[in-house]
Amino acid sequence: MKLKEEVNTLIKKAFANAGIEAEPITVTDATKPEFGDYQFNGAMALAKQLKQNPRQIAQTILDNLETGGMIQKAEIAGPGFINLWLNPEWIAASCQNAEENERLGIGTRSNPIKAVVDYSGPNMAKQMHVGHLRSTIIGDTLANLLEFLGDDVIRQNHIGDWGTQFGMLIAYLEEMGEEGNGSLKDLEQFYKDAKSRFDADESFANKAREYVVKIQSGDAHCLTLWKKFIDISLGHCEEVYEKLDVNLSRDDVRAESFYNETLAKVVEDLDKAGMLQESDGAQCVFLEGDEVPVIVRKSDGGYLYATTDLAALYYRANVLGAKRISYVVDARQSGHFKQVFRVAKEAGFVPEDVKLEHVAFGTMMDKNGKPFKTRDGGTVKLIDLLDEAVVRAKAAITSKENYSEEELEKIARIVGIGAVKYADLAINRESNYIFDWDKMLSFEGNTSLYMQYAYARIQSIFRKYGKDVEGEIVIGDELEHKLAVMLLRFEDVLNKAAEDAAPNQITTYLYELVTLFMRFYERNPILKEGVDEQTRISRLMLADLTARTIKQGLAILGIQVVDRL
RNA sequence: GCACUCGUAGCUCAGCUGGAUAGAGCACCCGCCUUCUAAGCGGGCGGUCUCAGGUUCGAAUCCUGACGGGUGUACCA
């Protein structure tokens, strides 16, 4: 339910009834329990405009407020705040409705759009490393989120499969023959071996250069080798996606090479639009106010990634028909995207009404605040990091319960991978973040384990209860009131998170929800003796709604839950 | 040099479409298990929100400047 919107509607009506012309500012969540559930702070702002005392304006708004069963109490406080308390019966009915609804009462957009989310984007010449983690999971979350809200989401994995390095790699692959398949298991090593071969042997180097040209001109033999190489490399990525539980498949791949044929046209169209200038032999677009131009064709005739990105933008806006195109890419490329977006709009490659956004994120750091590396300074392979997460998770949970080996493996995987993802998603994506195993796999604070633990506890209650729950939700005390309102806020949070492309808004919400639930759980017994049936049923239903909200929230983050922990 | 970005408790971070006494977790101290999972809950300690101005009835939040960290800055992606 769009709770805030419903409250806002009442305020808007009050404005209309009172004959106040201004558009009211939106209500905000109450900052303190004693201020109710929502507060409206717009009276103060209007005071000057209307030349009236703010409290008087607040009173006028109150006099015209139709509470409609939704608001129980509205009070003026301080200089002119209006504090609003939701009616417990209305809350109960709304929760009841959510509980009986598959989607927890959350609607799908009335105006869904096509949304392209570009994320992950690994380089085929190398193994995926920790640097790819954030793009992959933030992008996946954004895609899941928009999809859940009803948009038509098109996932795009813009893999790097084109460029001079592939000449060297396929020449080496050819030389290795059958053996090559095996040595490709470690792409990092394969790349190094190929490179040293390239540096040591002039004839090999020449062949490598020749192969670059041959791939680009469509030579069948070289293309076969290249395809084989890409296929194996992509297989490595899929292994990572599988472990990470990310919704990316081969169908989502639109590689750099996919745009190869259209690059010349991009330059041509820019020329036609009169935006092209030659500078030092390169074809450039000079944007007003920018020091550096966007180079779309090198002096040697080659194209650059700005050209590919322009081609991709054209394809996404015009062929795919996207109205929102989100690039989940490292913050260091913000300058690049700012320029490319401008060029695309000015050249008319992308219609004015299409929203282009760079969903930028910071760098992953180690405990000392330095970029995250292995002990010898190399990059940390993503697959190794994920495997370690599972091993650590296993060690952390083994001591608690007697699981079967199979169960242990399954839970460790869900818990370990979930911890890695959650720790990343819980941070405001713009800032750099410190990677810390101990913190990540702790059960305390804002971690995935805390949510999963709460979920498991609720499942445990239902196992003990053993019957179907049917009845009515009744809001008993202040804690249940807070919990219920929090549950109803879920849709607002998802919508805001989608608008801002900010997964951490979801984690913050889940953490607050679970904290409230834990308090509720401590204080309001459910199955214990002395709880009357009506109260028990109501509390069970609130617990169930909480569990389902946790499950849904985590699912959007790409994290699973377990029934027992 | 120029541009972007960040600076909140000892540490890791929320809060930033301006609102009432700035919030969590960790760490440290004190309480709570014979009944729903104590991987939990309650309480305490801890802040001139980097600094200086400005706008405003009201600023951690907006603007300007300084200082400090990070990043980018024409033929790599």
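Because the structure is a prediction, the values reported are computed rather than measured. Each chain gets a letter, A, B and so on, in the order its sequence line appears, and its residues count up from 1.
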From the list [options], which nucleotide is the closest neighbour of the side chain of [X]?
X: Glu256(A); options: rA77(B), rA74(B), rC57(B); result: rA77(B)
X: Ala282(A); options: rU73(B), rC75(B), rG19(B); result: rC75(B)
X: Leu304(A); options: rC36(B), rC76(B), rU21(B); result: rC76(B)
X: Ile397(A); options: rU21(B), rA39(B), rC75(B); result: rA39(B)
X: Ala77(A); options: rG19(B), rU37(B), rA20(B); result: rA20(B)
X: Arg519(A); options: rG42(B), rA14(B), rA74(B); result: rG42(B)
X: Lys528(A); options: rC36(B), rA20(B), rA14(B); result: rC36(B)
X: Asn428(A); options: rC2(B), rG15(B), rU37(B); result: rG15(B)
X: Ser299(A); options: rU17(B), rC75(B), rC4(B); result: rC75(B)
X: Arg332(A); options: rA74(B), rG72(B), rU17(B); result: rG72(B)

Return yes if the base of [N] and the side-chain atoms of [X] contain a donor-acceptor N/O pair under 3.5 Å, otherwise no.
X: Thr508(A); N: rA24(B); answer: no
X: Tyr305(A); N: rA77(B); answer: yes
X: Asp330(A); N: rA77(B); answer: no
X: Glu512(A); N: rA24(B); answer: no

Indicate, with a heavy-atom threshold strictly under 4.0 Å, whether [X] touches base, sugar-phosphate, or nothing.
X: Ile427(A); answer: sugar-phosphate
X: Ala331(A); answer: nothing
X: Met44(A); answer: base

[N] pairs with, by Watson-Crick or G-U criteria that keep both distances under 3.5 Å:
N: rG18(B); value: none
N: rU71(B); value: rA3(B)
N: rA52(B); value: rU64(B)
N: rC11(B); value: rG25(B)
N: rG42(B); value: rC30(B)

Can you check salt bridge (charged side-chain N to carboxylate O under 4.0 Å, His left out) on Arg429(A) and Asp424(A), steps first, answer last? CA-CA 8 Å; Arg429(A) 63 177 163 76; Asp424(A) 192 317; over 6 Å; no

Take the protein atom [atom1] of [X] and the nucleotide atom [atom2] of [N], then report the distance between them rounded to whole Å.
X: Met168(A); N: rC76(B); atom1: CE; atom2: P; result: 16 Å
X: Arg429(A); N: rU71(B); atom1: CZ; atom2: P; result: 20 Å
X: His358(A); N: rU71(B); atom1: NE2; atom2: P; result: 16 Å
X: Phe337(A); N: rU5(B); atom1: CZ; atom2: P; result: 17 Å
X: Asn446(A); N: rA14(B); atom1: CG; atom2: C1'; result: 9 Å
X: Gln333(A); N: rG72(B); atom1: CD; atom2: C1'; result: 10 Å
X: Lys496(A); N: rG15(B); atom1: NZ; atom2: C1'; result: 12 Å
X: Asn41(A); N: rU17(B); atom1: CG; atom2: C1'; result: 12 Å

Pairwise C1' distance for rA60(B) and rG47(B), with rounding to whole Å: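 Those two atoms are separated by 11 Å.
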
Using the P atom on both, measure rG18(B) against rU61(B) and round to a whole Å. 12 Å

With syn defined as a glycosidic angle within 90° of 0 and anti as everything else, classify rC33(B). syn

Using 30° and 60° as the class boundaries, would you call the ring planes of Phe229(A) and Phe166(A) parallel, tilted or perpendicular?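 Ring orientation, 0 to 90° scale: perpendicular.
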
Distance test, side-chain N/O of [X] to OP1/OP2 of [N], below 4.0 Å:
X: Lys48(A); N: rC57(B); result: yes
X: Lys464(A); N: rU37(B); result: yes
X: Asn504(A); N: rG15(B); result: yes
X: Lys298(A); N: rC76(B); result: yes
X: Tyr450(A); N: rC41(B); result: yes
X: Arg564(A); N: rU37(B); result: no

With ring centroids as reference points, do Phe35(A) and Phe81(A) lie under 6.0 angstrom apart?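 No; Phe81(A) has its ring centre 6.0 Å or more from that of Phe35(A).
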
Strictly under 6.0 Å, is that where the ring centroids of Tyr511(A) and Tyr422(A) end up?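 No, the ring of Tyr511(A) stays outside the 6.0 Å limit from the ring of Tyr422(A), centre to centre.
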
Answer yes or no as to whether rA24(B) has its base stacked against Tyr511(A), where stacking requires a ring-centre separation under 5.5 angstrom and planes under 30 degrees apart. no

For [Y], is there any backbone N or O sitting under 3.5 Å from a side-chain donor or acceptor partner on [X]?
X: Thr508(A); Y: Asn504(A); value: yes
X: Arg342(A); Y: Glu288(A); value: yes
X: Arg413(A); Y: Val390(A); value: no

ring-ring contact (aromatic ring centres under 6.0 Å, His included) partner of His158(A), chosen from Tyr327(A), Tyr259(A), Tyr305(A): Tyr259(A)

